[in-house]
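The structure under discussion appears below in the form of structure tokens.
Protein chains get the first letters and strands the later ones, always in sequence-line order, with residue 1 at the start of each.
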Amino acid sequence: MPEQKMPVLETRKLGISFGGLKAVSDFNIKIFPGELVGLIGPNGAGKTSVFNLLTGVYPPTEGTVILDGKPLNGKKTYQFVEAGVARTFQNIRLFKQMSVIENVKAACTKDIEYGLFAATFRTPKFWKAEKAVTEKAMRLLEICGLADVSELPAASLPYGRQRKLEIARALATDMKILLLDEPAAGMNPTETAELLACIQTIREQFGIAILLIEHDMSLVMNICERIQVIDYGQTIASGTPSEIAANKRVIAAYLGE
Amino acid sequence: MKKNKTARGYFLNTAVIVLLFTAFQILTAAKGSQGAFKLVLVPSIWQCCYLMVLAASLNLVLGFMGQLSLGHCGFMAIGAYTAALLSLACERAEWFDGKNDPRFLAVLIISVLAAGLLAALFSLLVGIPALRLKGDYLAIITLGFGMIIINIINNLPFCGQDGLALGSAGASLYKNGLGFGSKAKVQFLWFALAVTILSLTLLFMFVRSKYGRAIKAIRDDEIAASASGINTSKYKVLTFAYSAFFAGIAGALYACTNATLSTSSFAFTNGGILNSTFVVVMVVLGGMGSLTGSAVAAVIMFLVNYEIKNGQWVSLLPASLSGIFEYPMLVYALVLIIVILFRPKGIFGTYEFSLQNLIPDIRNAIKRHRAAKAEKEEAKANA
């Protein structure tokens, strides 16, 4: 079992309080390379807060996030990304006025090595780096099925494709673990199926770990290998999809007793 | 194929710039001594030059990075005084002898560069704490900075009466240092044009690189930008300094056009054209996110200002109407309101004028126009 390997992402007693309100407490999770883990819970259970803790948007008030054995305490969001955590957002946050390919290229910024001088005077180093980043961006857009719209403004895409673009942008950061915050929210069944196929392709091609927040139960039960359920900021269950589906506390949390 | 297109674009632009530049040189040589050319056109071009650089540099911060800075003329003032004082100091040290001395050109170049560098240095001083703030707060702090700079310059003691005495640089600047008379303005017109072209080019290069993408990402969504691995504070401060560098250079060009310098021309009080709101009006008019738009808007606003001050038609208006022209600031505010009401994106929006894409762009625009018209007619027919 994966327990022998080192987890790519691990949290220990992670928690955050806003004033007197404990939004998340004692959150422990281990995600191993290549795994797809689901995080579910009723509305307001603290799922997005967990994501914000895992990406450094909120500094935790207790506990630690450990990536590849290294604690990330006190780091800023962009440093989390540099370390290898990338995310998408529940309410899509694209760079709306930029073109589709520019969105992806912007996420490559941290890996582009030329400096101000090379950029303003267009040295060969600049052209080489720009060529590499364009190729990389096109490759990612092809994987996500967006190559045909690469020059259009991001805001002009239909909803389902905006979601995919957000995933492509996250992929451009070369992360080790991808956090998807309700990727299927507001999608119709066809779009959800397409998204599912896209996620599968990404797993096969990149071999990365994915943590997924989702309300669409059929999607979660279908693709997740493990599921962790939280309610009122506390973990109430974790296990395989079939275990979760049969768990009494989970059913109680979702449907009431 | 794409690379070829880029190379062709560079070639085309360079060729056209060189052509225009040569044409200008020939024109200057032929007409340099004629009255209207020497006394009206050339000084106007000088003014347009520094306004273009100033507007384009603010556009980098306001249009591309989405941060409202109201202290841009503070950086311009720093640049103007740095260049003026440096050239005056060089003249006193007798490093050059008159404006025909080839060594004067070296002093001129060094003064302009120093002006940019000092402005950039001050922008770091302001930017590092200020850029943690957003929106109104950043606007307030930069506005305050602009005023502080004016007061500091006003109270600088050095250079005495011939140089900079309590905020105003005396007439000796005109004779000995940077300040160009009408003859020198014709003689150095090429320099103003070259500095302007170079500044705009360098701003373009910045925007069309990873830096441009990073700041546009910050403008569109700062949280998503940092979640995409962009160190937002680093890019904000860097861009602020890069922009201030060119504001400083605009200041140096401004110093060249004036016989004397006075801090009041950079303050809000005199209704002149060098206060920071005027620059904001230029950027908004031209289109936030379009450097070519800023350049065009700079010329338009120069003409508006020129007409208000010198236009013959103003005196023909009834007194109740012409009264407003006594207060140019009101006219600029009016221009801003009209732009916001009728074309909130500005003249160019985020479109960049490009020689290479001019014909295809026009063709596309016509096509779109026709399609829209056809659609309207169809809708009418259906109804």
Side-chain angles (χ1 to χ4, degrees), chain A residues 51-52 55-57 76-89 91-99 101-122 126-127 129-131 133-134 137 153-155 166 169-170 172-175 179 181, chain B residues 1-3 6-7 9-10 14 60 63-66 120 132 198-239 241-242 245-246 287-290 345 349-351 357:
Chain A
F51 264 35
N52 284 338
T55 51
V57 175
K76 298 206 174 98
T77 304
Y78 75 92
Q79 289 166 317
F80 273 70
V81 181
E82 275 169 9
V85 188
R87 73 173 291 182
T88 63
F89 293 88
N91 43 348
I92 302 177
R93 286 174 171 272
L94 289 173
F95 308 134
K96 289 195 183 115
Q97 294 185 49
M98 297 167 75
S99 71
I101 192 163
E102 270 190 316
N103 265 270
V104 180
K105 281 181 178 178
C108 299
T109 304
K110 69 180 171 64
D111 299 320
I112 302 177
E113 290 201 326
Y114 60 75
L116 196 56
F117 180 82
T120 42
F121 294 98
R122 293 291 194 257
F126 169 86
W127 289 116
E130 283 292 306
K131 195 173 164 226
V133 75
T134 307
E166 221 189 6
R169 186 181 69 188
T173 63
D174 289 326
M175 71 313 205
L179 311 179
D181 197 346
Chain B
M1 203 195 101
K2 182 131 195 215
K3 183 96 192 255
T6 319
Y10 279 170
T14 319
L60 193 65
F64 288 92
M65 196 161 67
R132 289 166 190 275
L198 204 63
S199 301
L200 291 180
T201 311
L202 292 184
L203 285 165
F204 253 108
M205 296 304 175
F206 187 85
V207 168
R208 302 250 167 109
S209 72
K210 70 166 179 177
Y211 297 98
R213 287 193 295 266
I215 60 172
K216 282 193 276 178
I218 291 171
R219 171 194 67 194
D220 283 358
D221 195 319
E222 194 164 343
I223 292 174
S226 63
S228 303
I230 294 167
N231 184 348
T232 50
S233 13
K234 180 182 128 188
Y235 282 98
K236 273 158 115 181
V237 171
L238 186 81
T239 307
Y242 197 78
F245 179 81
F246 291 103
M288 290 201 267
S290 168
K345 283 166 125 186
T350 55
Y351 173 80
N357 297 333

Margin query: Does anything in residues 218-239 of chain B form a ring-ring contact (aromatic ring centres under 6.0 Å, His included)? List the pairs, not counting sequence neighbours.
Written below: B:Tyr211-B:Tyr235
Checklist line | Which portion of A:Ala106 sits near chain B, non-hydrogen atoms under 4.5 angstrom | finding: both
Margin query: Side chains of A:Arg122 and B:Ser209, heavy atoms from C-beta outward: is any pair under 4.5 Å?
Written below: yes
Item checked: side-chain contact (heavy atoms from CB on, under 4.5 Å) involving B:Arg219 - partner list, sequence neighbours excluded -> A:Gln97, B:Lys216
Margin query: Would you compute the distance between atom NZ of A:Lys110 and atom CG of B:Asn231 and round it to the nearest 0.5 angstrom?
Written below: 12.5 Å
Notebook entry, point to check: So which part of A:Thr55 gets closer than 4.5 Å to some heavy atom of chain B, the side chain, the backbone, both or neither?
Noted result: neither
Next item on the list: Could you tell me the separation between the OG atom of B:Ser228 and the CZ atom of A:Arg169, rounded to the nearest 0.5 Å?
Entry: 4.0 Å
Check: Distance-only, no hydrogens or angles: does the A:Lys105 side chain make a donor-acceptor pair with backbone N or O of B:Lys210 under 3.5 Å?
Finding: no
Next item on the list: To the nearest 0.5 Å, tell me how far A:Phe121 CZ sits from B:Thr201 OG1.
Entry: 10.0 Å
Check: Among A:Val85, A:Thr173, A:Leu116, who wins on heavy-atom pairs under 4.5 Å with chain B?
Finding: A:Leu116
Next item on the list: Would you name the heavy atoms of B:Met205 and A:Ala119 that are closest together and state the gap between them?
Entry: CB-O, 3.7 Å
Next item on the list: Considering only NZ, NE, NH1 and NH2 on the basic side and carboxylate oxygens on the acidic side, decide whether B:Arg213 and A:Glu130 come within less than 4.0 Å.
Entry: yes
Next item on the list: Kindly compute the distance separating OG (B:Ser233) from OH (A:Tyr78), expressed to the nearest 0.5 Å.
Entry: 6.5 Å
Check: Under a 4.5 Å heavy-atom cut-off, does chain B meet the side chain of A:Val57, its backbone, both or neither?
Finding: neither
Check: Salt bridge check: are A:Lys96 and B:Asp220 linked by an N-O gap of less than 4.0 Å?
Finding: no
Note to self: At a 4.5 Å cut-off on heavy atoms, which part of B:Ile223 comes close to chain A: side chain, backbone, both, or neither?
What the structure shows: both
Checklist line | Spacing of B:Ile218 atom CD1 and A:Phe95 atom CZ [to the nearest 0.5 Å] | finding: 9.0 Å
Check: What distance do B:Ile230 atom CD1 and A:Thr77 atom OG1 have between them, rounded to the nearest 0.5 Å?
Finding: 12.0 Å
